[in-house]
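Below is one structure, written out as structure tokens, with a few remarks after it.
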Amino acid sequence: MSKAEEILEKLKRSFNTPSKKDERLKVVLICVFISTTFWFFNALNKSDYVTRINYPISIEFDEDNYVATAPLPTKIPVEVTGGGWDLMARYFGLKMNALEVRVERPSESSYVLASSIRPEIAPNLEPIVINYFLQDSIKFQIERKVTREVVLAYDTAQISLDEDLVMASKVELSPPTVELTGPESMLNELGDTLFIQEEISDVSEDFQGSVNLPELPELVSTSLSSVEASFLVVQLLSIDVSIPLEKRNFPSNWELLPTRAQVYYKVPETSFDVADTTGVRVFANFRQMEADSTIAIEFKVLNKEFREVRVFPKTVKVKENE
């Protein structure tokens, strides 16, 4: 015999052959049950109870031209007076059909006065009487739905090239623009340019491929999820050249040692000109001489295509001719 069957058998024996203690307990329980039931039904027969109920509502609007930017209210709290049976039914949502609240121009007003829907709710609650609404209005956030064309741009900081490669063109996107649809305020926050930030890594040659659009706010949509991106790359050449040091503010009887500096830099192969010796100027300013008769070398890059420019030595000695 199972545990459940043993319990049922004991209960059965208790009712069939009750002890005096069992009989007293049964009488008490039955009395409590009967009195509670009597009180409950008697209370429900009264007709002057005051309580609060939530009446269901449904905000309706033109969803083709407008969009809700926050969850819409689905009920409005009402204080009512009525009989116990009727109030219990309404409290549990019975005998109440959701009231459709039609909003014609939701972007012009963010609420509907509760008093304006009272004539429609009152007949649905009869014989219950509405005392008053616990909030004076039904508030909502609904905006105009707009479509706007924005320019696409790529964040070049997300591009990782192989060593000694450099971009030789800007990133071309196809199509260059995209249409976004959504709440007017959200599109205003996005602005006129949408930046793509998907990482492109380990580029070793001219690139052409698909990149995904950035994640958009939940209520903003577009027909595109990706666009084509392309750009050119070029090899960087490592250049090592000896350049004469320029003397600035030097008295005529002072000289530099050494008189030349070694300049190292990188330049795109498409911009390299072997005859160009003016891309970097290296100089020593006599007014910067230290107590040990040394001057820190300074340089100025004149060619914007030069990269990673380094100059050696860092300092030079100066001496006075006798």
Side-chain angles (χ1 to χ4, degrees), residues 67 69 145-241 243 261-283 297-312 314:
V67 58
T69 57
K145 184 189 294 185
V146 298
T147 297
R148 181 175 300 166
E149 185 176 68
V150 297
V151 176
L152 293 175
Y154 191 87
D155 181 2
T156 55
Q158 305 303 318
I159 298 176
S160 174
L161 304 178
D162 284 358
E163 188 176 1
D164 286 342
L165 285 181
V166 66
M167 292 179 63
S169 71
K170 66 178 183 178
V171 179
E172 298 288 347
L173 298 173
S174 180
T177 61
V178 65
E179 283 191 345
L180 303 180
T181 300
E184 188 171 20
S185 64
M186 290 187 180
L187 294 191
N188 289 340
E189 289 180 6
L190 288 174
D192 298 325
T193 302
L194 186 64
F195 286 92
I196 298 174
Q197 295 184 311
E198 181 178 354
E199 183 179 358
I200 300 176
S201 58
D202 301 326
V203 177
S204 58
E205 58 186 8
D206 295 342
F207 178 84
Q208 183 171 2
S210 177
V211 291
N212 294 320
L213 296 184
E215 185 175 352
L216 297 171
E218 182 180 357
L219 298 176
V220 178
S221 62
T222 178
S223 58
L224 295 177
S225 60
S226 62
V227 295
E228 289 297 310
S230 62
F231 57 88
L232 303 177
V233 297
V234 65
Q235 187 74 33
L236 282 175
L237 300 179
S238 295
I239 306 300
D240 175 0
V241 62
I243 296 179
Q262 204 70 22
V263 179
Y264 301 88
Y265 61 89
K266 293 181 179 181
V267 62
E269 60 182 357
T270 52
S271 303
F272 176 66
D273 181 0
V274 68
D276 182 11
T277 59
T278 61
V280 180
R281 297 183 66 181
V282 185
F283 55 90
I297 289 181
E298 300 177 63
F299 66 90
K300 183 176 182 179
V301 180
L302 304 179
N303 190 327
K304 64 180 182 179
E305 295 295 335
F306 286 8
R307 323 280 176 103
E308 303 177 28
V309 179
R310 295 172 296 149
V311 176
F312 294 96
K314 298 293 184 182

Would you mind reporting whether [Y] and [X] have side-chain heavy atoms less than 4.5 Å apart?
X    : Y    : result
V227 : P175 : yes
E184 : M186 : no
P214 : I196 : yes
I159 : V171 : yes
I200 : F207 : yes
V150 : D192 : no
Q235 : L165 : yes
N303 : S271 : no

Check whether more than 12 heavy atoms from other residues, nucleotides or ligands sit under 6.0 Å from atom NZ of K314, and answer yes or no.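 Atom NZ in K314 is packed in, count exceeds 12.
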Would you say E298 has more than 12 foreign heavy atoms packed within less than 6.0 Å of its CD?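 Yes, CD of E298 has more than 12 neighbouring heavy atoms, counting only those of other groups under 6.0 Å.
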Side chain to side chain contact (heavy atoms under 4.5 Å, CB included), that's the test. Do V311 and I243 meet it? Break it down for me. CA-CA 10 Å; V311 176; I243 296 179; over 6 Å; no
If you compare all heavy atoms of [X] against all heavy atoms of [Y], which two are closest, and at what distance to 0.1 Å?
X    : Y    : value
F312 : Y264 : CD1-CE1, 3.4 Å
E198 : Q158 : O-CB, 3.9 Å
D206 : V233 : OD1-N, 2.9 Å
P268 : V166 : CG-CG1, 3.9 Å
E179 : T147 : OE1-CG2, 3.9 Å
M167 : L161 : N-CD1, 3.6 Å

In Å, rounded to the nearest 0.5 Å, how long is the span from [atom1] of [X] to [atom2] of [Y]?
X    : Y    : atom1 : atom2 : result
L213 : S226 : CG    : OG    : 7.0 Å
Q208 : L232 : CD    : CG    : 10.0 Å
L187 : L194 : CG    : CG    : 10.5 Å
L236 : T270 : CG    : OG1   : 9.0 Å
E172 : E228 : CD    : CD    : 13.0 Å
E163 : S204 : CD    : OG    : 13.5 Å

Before you tell me yes or no, could you show the steps for N188 and R148 under side chain to side chain contact (heavy atoms under 4.5 Å, CB included), namely the whole-Å CA-CA distance, both residues' side-chain angles and the distance that decides it to 0.1 Å? CA-CA 10 Å; N188 289 340; R148 181 175 300 166; 2.9 Å; yes
Kindly assign one of parallel, tilted or perpendicular to the pair Y265 and F306, based on the angle between their ring planes and the thresholds 30° and 60°.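 Aromatic pair Y265/F306 classed parallel.
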Are any side-chain N or O atoms of R307 and backbone N or O atoms of E305, one a donor and one an acceptor, separated by less than 3.5 Å?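 The answer is yes, because a donor-acceptor pair under 3.5 Å joins these two groups.
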Picking from V211, T177, V178, what satisfies side chain to side chain contact (heavy atoms under 4.5 Å, CB included) with L152?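 It is V178, the one option of V211, T177, V178 that forms the side chain to side chain contact (heavy atoms under 4.5 Å, CB included) with L152.
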Pair F299, V263 - check side chain to side chain contact (heavy atoms under 4.5 Å, CB included), show working. CA-CA 10 Å; F299 66 90; V263 179; over 6 Å; no
